[in-house]
Amino acid sequence: MHEKFMTRAIEIARESIDNPGTLPYGAVVVKDGKIIGEGLNRATANCDPTSHGEIDAIRDACARLSVTSLKGADLYTSGEPCSMCVATMYQVGIARLFYAGAASDSAAFFGRLSEHDPNWARAMSNQELREQVGLPIGQRSMPAEQMMVEDMVAVFDEFVTRHT
């Protein structure tokens with residue numbers, strides 16, 4: 001059964017070969033033995049850097065089911081997910097992940113692409129991204145400054161008051 005779902009994820013990835021603005025990262029979300037969401041990396045086509053195959057498969061599944069939780073579902077993807085995709089999987093309750101290509105395969109892929117066109121060069125490798133995301137906010141390479149905390153806490157308080 002697992003091969004069937006991974007085969008579909010790879011078929012979706014293959015669509016990118018002839019589909020401008022897409023990259024070969026396809027994914028499917030599966031629950032109770034059925035595909036409930038599919039996605040292809042359309043980051044360039046959609047001018048949306050979050051439009052990865054895994055994210056789009058999760059969006060598709062959530063929209064189809066009119067939910068924001070996919071607790072217990074599995075995700076099959078053509079490539080080892082980046083930190084953003086992994087965080088989203090945890091956020092929605094994905095139970096298990098199955099992947100084909102490793103992060104090193106993706107790094108080699110982008111390296112080959114960027115040799116021909118520097119626009120394909122990544123700002124940060126997946127490994128660097130994982131390291132940065134895992135650091136406390138004050139230790140990351142991206143400067144961050146907290147401000148207007150009291151104003152935002154007031155909004156949280158008002159929201160809770162009106163919705164409980």
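Sequence positions, counted from 1, serve as the residue numbers for this chain. Note that the structure is predicted; figures quoted are calculated from it, not measured.
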Counting only N and O atoms by type, is there a donor-acceptor contact under 3.5 Å from the side chain of Lys31 to the main-chain atoms of Lys71? yes
Glu128 atom CD, over 12 foreign heavy atoms within 6.0 Å: yes
So do the side chains of Arg140 and Ile137 get within less than 4.5 Å of each other, counting heavy atoms only? yes
Val67 reachable from Val92 in the ILVMFWY side-chain graph, under 4.5 Å edges: yes
Within one Ile-Leu-Val-Met-Phe-Trp-Tyr cluster: Met1 and Val28, side-chain cutoff 4.5 Å: yes
Of all heavy-atom pairs linking Asp151 and Met148, the shortest is OD2-CE, 3.0 Å
So which heavy atom on Tyr25 is nearest to which on Ala13, and how close? N-CB, 4.0 Å
Would you say Ile12 and Phe98 are hydrophobically clustered, going by side-chain heavy atoms of ILVMFWY under 4.5 Å? yes
Determine whether Leu97 and Leu70 fall in the same hydrophobic cluster, where Ile, Leu, Val, Met, Phe, Trp and Tyr are linked whenever their side-chain heavy atoms lie under 4.5 Å apart. yes
Only one of Leu23, Thr22, Asp56 clears side-chain contact (heavy atoms from CB on, under 4.5 Å) with Leu40; which? Thr22
Is there a donor-acceptor contact under 3.5 Å linking the side chains of Ser141 and Gln132? yes
Closest heavy-atom pair, Pro81 versus Arg130, reported as atoms and distance to 0.1 Å, is O-NH2, 2.7 Å
Charged N to carboxylate O under 4.0 angstrom, Arg112 versus Glu115? no
Do you know which two heavy atoms are closest between Pro24 and Ser78, and how far apart they sit? O-OG, 3.4 Å
Side chain to side chain, Met152 and Val155, heavy atoms closer than 4.5 Å: yes
Does the side-chain contact (heavy atoms from CB on, under 4.5 Å) test come out yes or no for Thr88 and Thr50, once each step is laid out? CA-CA 11 Å; Thr88 304; Thr50 68; over 6 Å; no
Might you confirm whether atom CZ of Arg14 has over 12 heavy atoms from other residues, nucleotides or ligands at distances under 6.0 Å? no
Kindly write out the residues that satisfy ring pair (Phe, Tyr, Trp, His ring centres under 6.0 Å) with Phe109, not counting sequence neighbours, or none if the list is empty. none
If you take all heavy atoms of His52 and Pro49, which pair is closest and at what distance? NE2-O, 3.3 Å
Rounded to the nearest 0.5 Å, what separation is found between the CG atom of Asn19 and the OG1 atom of Thr44? 11.0 Å
Using a 4.5 Å cut-off on heavy atoms from C-beta on, say whether the side chain of Leu135 contacts that of Glu131. no
Of all heavy-atom pairs between Ile35 and Arg64, which one has the smallest distance, and what is that distance? O-NH1, 4.0 Å
Test: Asp60 and Arg42 ion pair at under 4.0 Å: no
Can you measure from OG (Ser83) to CD (Gln127) and round to the nearest 0.5 angstrom? 8.5 Å
Are the side chain of Arg96 and the backbone N or O of Asp74 linked by a donor-acceptor pair below 3.5 Å? no
Using 30° and 60° as the class limits, which term best fits the ring planes of Phe5 and Tyr76: parallel, tilted or perpendicular? tilted
Is it the case that one hydrophobic cluster holds both Ile58 and Ile36, taking links as side-chain heavy atoms less than 4.5 Å apart, direct or via other members? yes
Check the surroundings of atom CG in Asp18: do more than 12 heavy atoms from other residues, nucleotides or ligands lie under 6.0 Å from it? no
